[in-house]
Amino acid sequence: MDNDNNIDFKDLWKKQAISQPDMTDLLTRVNKFKKTGLRCLWITNILLLATSVFIAFVWFYYQPQFISTKIGIVLVILAMLIYLMTYNKLLGNYKNIEANQTNHDYLQKLIEIKKKQQFLQTKMMSFYFTALTIGICLYMYEYASRMTALGAGLTYGITLFWMLFNWFYLRPKQIKKQQEKINSLIGKFEEINNQLGI
């Protein structure tokens, strides 16, 4: 009986010794995930706000004549601002990831971030790309109407090709990369919580 207890104790001690470095590594990965998320959030804010200011400047400086151009500009700026307002809701989630939390708290925060990311990657990204495409096409109409048919066709063709390339190639790669990172972290915390019986 005593012999069995010693074997169990040794196994428990070995498991604890193995899982401790994993937990340190996991917390390092979570911290890196948080910093990367915050950095991406700030970069996106700066880029989209700067783009919106530039587009507004173009509108006021060049004074477009067609109503379609003005509607296009408003639609593009509106798409960027609505996307940013939704994207910025992740800021609180990233800031709430703190070093003194329990495994369960880490897991809950990561699951919340994953849900918000999925909403951004599906519904919000669809709205953003649709509004952006329509806005750019409306904006370009005034200038394309002054071109030859070949020039206008090339301008619209290249622009729409770039939008489709982003939608069907770059966006899925970025989504897959984000999902792999967060799913890996969630999986590790679930594994630790299961080991601890939480």
Visitor: Hydrophobic cluster membership, with links at side-chain heavy-atom distances under 4.5 Å among I/L/V/M/F/W/Y: are Met163 and Phe127 in one?
Guide: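 Both belong to a single hydrophobic cluster.
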Visitor: When hydrophobic residues are tied together by side-chain contacts of less than 4.5 Å, even through go-betweens, does Trp162 share a cluster with Met80?
Guide: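 Different clusters: Trp162 never reaches Met80 through Ile, Leu, Val, Met, Phe, Trp or Tyr contacts under 4.5 Å.
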Visitor: Please determine whether side-chain contact (heavy atoms from CB on, under 4.5 Å) holds for the pair Leu49 and Leu81, giving the CA-CA distance in whole Å, both sets of side-chain angles, and the decisive distance to 0.1 Å.
Guide: CA-CA 8 Å; Leu49 288 173; Leu81 294 179; 4.0 Å; yes
Visitor: Quick one: does any side-chain atom of Thr28 pair with a main-chain N or O of Thr24 as donor and acceptor, under 3.5 Å?
Guide: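 Yes, Thr28 side chain to Thr24 backbone: donor-acceptor pair under 3.5 Å.
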Visitor: Heavy-atom distance under 4.5 Å between the side chains of Ile113 and Ile97, does that happen here?
Guide: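 Yes; the side chains approach each other to less than 4.5 Å.
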Visitor: Going by the rule side chain to side chain donor-acceptor pair (under 3.5 Å), which residues pair with Thr159 if we only count those two or more places apart in sequence or in a different chain?
Guide: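 Checked Thr159 against side chain to side chain donor-acceptor pair (under 3.5 Å); zero matches.
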Visitor: On a heavy-atom basis, which atom in Ala144 and which in Ala152 lie closest, and how many Å separate them?
Guide: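 Taking Ala144 first and Ala152 second, the nearest heavy atoms are O-CB, 3.6 Å.
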Visitor: Identify the heavy atoms of Tyr94 and Lys34 that sit nearest to each other, and give their distance.
Guide: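 Heavy atoms only, the tightest pair is O-CE, 3.1 Å.
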Visitor: Taking the six-membered ring for Trp, are Phe129 and Trp167 parallel (under 30°), tilted (30 to 60°) or perpendicular (over 60°)?
Guide: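 Aromatic pair Phe129/Trp167 classed perpendicular.
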Visitor: Would you say Leu120 and Tyr128 are hydrophobically clustered, going by side-chain heavy atoms of ILVMFWY under 4.5 Å?
Guide: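 Same cluster.
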Visitor: Using the test side chain to side chain donor-acceptor pair (under 3.5 Å), find all partners of Lys114 that sit at least two apart in sequence or belong to another chain.
Guide: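 Testing Lys114 for side chain to side chain donor-acceptor pair (under 3.5 Å), a comparison that skips the adjacent residues, returns Asn183.
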Visitor: Do the non-hydrogen side-chain atoms of Val74 and Trp59 ever get within less than 4.5 Å of each other?
Guide: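 When only atoms from C-beta onward are counted, Trp59 and Val74 do touch, with a gap below 4.5 Å.
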Visitor: Run the numbers on Arg171 and Ile175 for side-chain contact (heavy atoms from CB on, under 4.5 Å), then give the verdict.
Guide: CA-CA 6 Å; Arg171 184 186 67 92; Ile175 289 171; 3.4 Å; yes
Visitor: With rounding to the nearest 0.5 angstrom, report the CD1 to CG distance, Ile136 to Leu160.
Guide: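 Spacing of CD1 (Ile136) from CG (Leu160) equals 9.0 Å.
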Visitor: Identify the residue among Ile46, Leu41, Leu48, Leu47 that makes a side chain to side chain contact (heavy atoms under 4.5 Å, CB included) with Thr44.
Guide: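 Among Ile46, Leu41, Leu48, Leu47, the one meeting side chain to side chain contact (heavy atoms under 4.5 Å, CB included) with Thr44 is Leu48.
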Visitor: With respect to Tyr139, which candidate in Ile55, Val58, Val76 satisfies the side chain to side chain contact (heavy atoms under 4.5 Å, CB included) definition?
Guide: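 That would be Val58; it is the only one of Ile55, Val58, Val76 passing the side chain to side chain contact (heavy atoms under 4.5 Å, CB included) with Tyr139.
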Visitor: A side-chain contact here means heavy atoms from C-beta on lying under 4.5 Å apart; do Leu132 and Tyr83 qualify?
Guide: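 Answer no - side chains too far apart.
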Visitor: At what distance, to the nearest 0.5 angstrom, does CD of Glu112 lie from NZ of Lys89?
Guide: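 Atom-to-atom, Glu112:CD and Lys89:NZ are 13.5 Å apart.
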Visitor: If you look at every heavy atom in Cys137 and Tyr156, which pair is closest and at what distance?
Guide: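 Distance-wise, the nearest heavy atoms are O-OH, 2.7 Å.
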Visitor: Assess, by modelled atom type and distance only, whether the side chains of Gln178 and Gln121 contain a donor and an acceptor separated by less than 3.5 Å.
Guide: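 Yes, Gln121 and Gln178 have a side-chain donor paired with an acceptor closer than 3.5 Å.
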Visitor: In the structure I gave you, are the side-chain heavy atoms of Lys181 and Leu185 within less than 4.5 Å of one another anywhere?
Guide: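 No; the side chains remain at least 4.5 Å from each other.
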Visitor: So, taking the atom named CG in Leu110 and the one named CG in Asp105, what distance separates them when rounded to the nearest 0.5 Å?
Guide: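 One finds 11.0 Å between CG of Leu110 and CG of Asp105.
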Visitor: Test your reading of the model: is there a side-chain donor-acceptor pair from Asn88 to the backbone of Leu84, 3.5 Å cut-off?
Guide: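 Checking the backbone N and O of Leu84 against the side chain of Asn88, a donor-acceptor pair under 3.5 Å is found.
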Visitor: Take Phe66 and Ile71, measure what side-chain contact (heavy atoms from CB on, under 4.5 Å) needs, and give me the verdict at the end.
Guide: CA-CA 9 Å; Phe66 288 15; Ile71 292 170; over 6 Å; no
Visitor: If I take atom CD from residue Gln108 and atom CD1 from residue Ile186, how far apart are they, to the nearest 0.5 angstrom?
Guide: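 Those atoms lie 9.5 Å apart.
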Visitor: What's the separation between atom OG1 in Thr69 and atom OH in Tyr62, rounded to the nearest 0.5 Å?
Guide: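 Rounded to the nearest 0.5 Å, the OG1-OH separation comes out at 14.0 Å.
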Visitor: Do Tyr141 and Pro64 come within less than 4.5 Å of each other through their side chains, counting heavy atoms only?
Guide: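 No - every pair of side-chain heavy atoms lies 4.5 Å or more apart.
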Visitor: Could you check whether any side-chain N or O of Ser145 sits under 3.5 Å from a backbone N or O of Glu142, counting only pairs where one atom can act as donor and the other as acceptor?
Guide: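 Looks like yes, one N/O pair under 3.5 Å.
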Visitor: May I ask whether Ile182 and Leu26 are part of the same hydrophobic cluster, defined by side-chain heavy atoms of I, L, V, M, F, W, Y residues being less than 4.5 angstrom apart, directly or through others?
Guide: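 Per the 4.5 Å side-chain linkage, Ile182 and Leu26 are co-clustered.
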Visitor: Going through the distances and angles, do Cys40 and Tyr87 end up as a side-chain contact (heavy atoms from CB on, under 4.5 Å)?
Guide: CA-CA 10 Å; Cys40 287; Tyr87 187 42; 3.8 Å; yes
Visitor: Which ring-ring contact (aromatic ring centres under 6.0 Å, His included) pairs, counting each pair once, include a residue from residues 34-57, with sequence neighbours left out?
Guide: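 Qualifying pairs: Phe57-Tyr61.
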Visitor: Indicate if Leu78 and Ile73 have the same hydrophobic cluster label, given that clusters are the connected sets of ILVMFWY residues with side-chain heavy-atom separations under 4.5 angstrom.
Guide: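 Cluster IDs for Leu78 and Ile73 match.
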Visitor: Does NZ belonging to Lys188 count more than 12 external heavy atoms closer than 6.0 Å?
Guide: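 Counting neighbours around NZ of Lys188, 12 or fewer heavy atoms of other residues, nucleotides or ligands fall under 6.0 Å, so no.
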Visitor: Measure the CG-OG1 distance between Leu138 and Thr133 for me, rounded to the nearest 0.5 Å.
Guide: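 The CG atom of Leu138 sits 11.0 Å away from the OG1 atom of Thr133.
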